Structures are given as structure tokens and as C-alpha cells.
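The structure presented is a predicted model; accordingly, all values stated were derived computationally and were not measured.
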Amino acid sequence: VQLQASGGGLVQAGASLTLSCAVSGGTFGTYTMSWFRQALGKDRVFVTGISERGRFLHNAEIVKGRFTISRDNAKNTVYLQMNNLESEDTAVYYCAADRARRPGIVAQEIGYDYWGQGTQVTVSS
């Protein structure tokens, strides 16, 4: 299974950006998908997740109201729409897939089986 994240870049504070993560080689429609991020010198942290069919979402408090996760199972792709970006959002963003088909969305790295390579988002103030 391969995850390919894209869409990162350099933007000004207040701008919007949409990340994409294309999944190949697996059964995308059975995976819970999430985004994590890792700022320079810090641990990787959970940002948001979406259940297999998109019925359930789980957002970290720091991004509530600004970031929205969505998925298109026909395209094997998950998206992260980021609005009103802040300098604190600067990080490498990773998509991850949980194949366990468990209830709920796990916010810990250990719950994920497959990871993308990351895409850098830099927000200038």
C-alpha cells in the first residue's frame, strides 16, 4: 500500500491550502484515514481523521473550525482543506491509513499501518 501526499507549499497567514493523499495498492474504502503533522523539533501529532465511509470525523482541538478532512472513495483520495492558516500550522503533514476497521478514530500514531511521505506546509506571518 502506498500513500502519496501532495499540495503543500508556502503561504501567508490567513490563506487557505488543500492537501491531497492518494492511496494505491490497497482497499481504500476499508481504511480510516487521518492526517498528522510534525513541526520542526517536535513530535508528530494527530490533526484530524475520517471513518471509512466518511460518516464520522475526529478533529484535534487546535484545528477545529479551520481544517476539514474529506475523502473520495471512488478516487482513493483523502483531502485536508486548511483555512485561515497560522504560522503555528507550519509543519510536515502526513496522511496515514488504519486498516483495523475498529470503532472510532485513533489519534495515536501506533494505530496506523500505512504512512505517506509527508508534504511541507509553511505559513509565513
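Looking only at side-chain heavy atoms (C-beta outward), Val23 and Met33 come within less than 4.5 Å of each other. Side-chain contact between Val121 and Val123 is present, with heavy atoms from C-beta onward closer than 4.5 Å. Within the 4.5 Å cutoff, the side chain of Val11 has no heavy atoms near those of the Thr122 side chain. By the 4.5 Å heavy-atom criterion applied to side chains, Thr90 and Gln120 are counted as neighbours.
Judged by distance alone, with hydrogens and angles left aside, the side-chain atoms of Thr77 form a donor-acceptor pair with the main-chain N or O of Lys75 at under 3.5 Å. For Tyr112 (side chain) and Gln108 (main-chain N/O), no donor-acceptor pair under 3.5 Å exists by modelled atom type. A side-chain donor-acceptor contact under 3.5 Å links Arg102 to the backbone of Gly111. Listed for the Asp113 side chain is a donor-acceptor partner under 3.5 Å among the backbone atoms of Arg99. A donor-acceptor pair is defined here as one N or O able to donate and one able to accept, closer than 3.5 Å; such a pair exists between the side chain of Thr119 and the backbone of Gly8. Side-chain atoms of Asn59 never come within 3.5 Å of backbone atoms of Arg66 as a donor-acceptor pair (strictly under, hydrogens ignored).
Within the structure, ring pair (Phe, Tyr, Trp, His ring centres under 6.0 Å) pairs that include any residue of residues 55-101 comprise Phe46-His58 (at least two apart or interchain).
The two residues Ala13 and Ser125 have their closest heavy-atom pair at CB-CA, 4.2 Å. Taking both residues in full, the closest heavy atoms of Ala91 and Ala39 are given as CB-N, 3.7 Å, listed atom of the first, atom of the second, then distance. The two residues Ala107 and Phe36 make their nearest non-hydrogen contact at O-CE2, 3.7 Å.
Under a hydrophobic clustering in which Ile, Leu, Val, Met, Phe, Trp and Tyr are joined whenever their side-chain heavy atoms come within less than 4.5 Å, directly or via other members, Leu19 and Ile62 fall into the same cluster. Val63 and Leu85 fall within a single hydrophobic cluster, where Ile, Leu, Val, Met, Phe, Trp and Tyr side chains are chained together by heavy-atom contacts under 4.5 Å. At a threshold of 4.5 Å between side-chain heavy atoms, the hydrophobic network of Ile, Leu, Val, Met, Phe, Trp and Tyr places Val106 and Leu57 in two separate groups.
Between Leu3 and the choices Tyr114, Trp115, Tyr31, the side-chain contact (heavy atoms from CB on, under 4.5 Å) rule is met once, by Tyr114.
When the shell of 6.0 Å around CD of Gln2 is examined, it contains 12 or fewer heavy atoms from other residues, nucleotides or ligands.
For the pair Arg71 and Phe28, the cation sits on the ring face: its NZ or CZ lies under 6.0 Å from the ring centre, inside 45° of the axis.
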The test is side chain to side chain contact (heavy atoms under 4.5 Å, CB included); show your working for Thr32 and Ile50 and say whether it passes. CA-CA 6 Å; Thr32 292; Ile50 186 168; over 6 Å; no
Show, in sequence, the C-alpha distance, side-chain angles and deciding distance for Cys21 and Trp35, and conclude whether the side chain to side chain contact (heavy atoms under 4.5 Å, CB included) test is met. CA-CA 9 Å; Cys21 175; Trp35 289 93; 3.7 Å; yes
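Note: Ile69 CD1 to Ser34 OG = 5.5 Å, rounded to the nearest 0.5 Å.
Take Arg53 and apply the salt bridge (charged side-chain N to carboxylate O under 4.0 Å, His left out) test, not counting sequence neighbours, and it matches no residue.
Using modelled atom types and a 3.5 Å distance limit, the side chains of Gln4 and Ser6 yield no donor-acceptor pair. Inspection of the Asn83 and Gln81 side chains reveals an N or O donor paired with an N or O acceptor under 3.5 Å. Residues Thr30 and Glu52 have side chains that never bring a donor and an acceptor to within less than 3.5 angstrom of each other.
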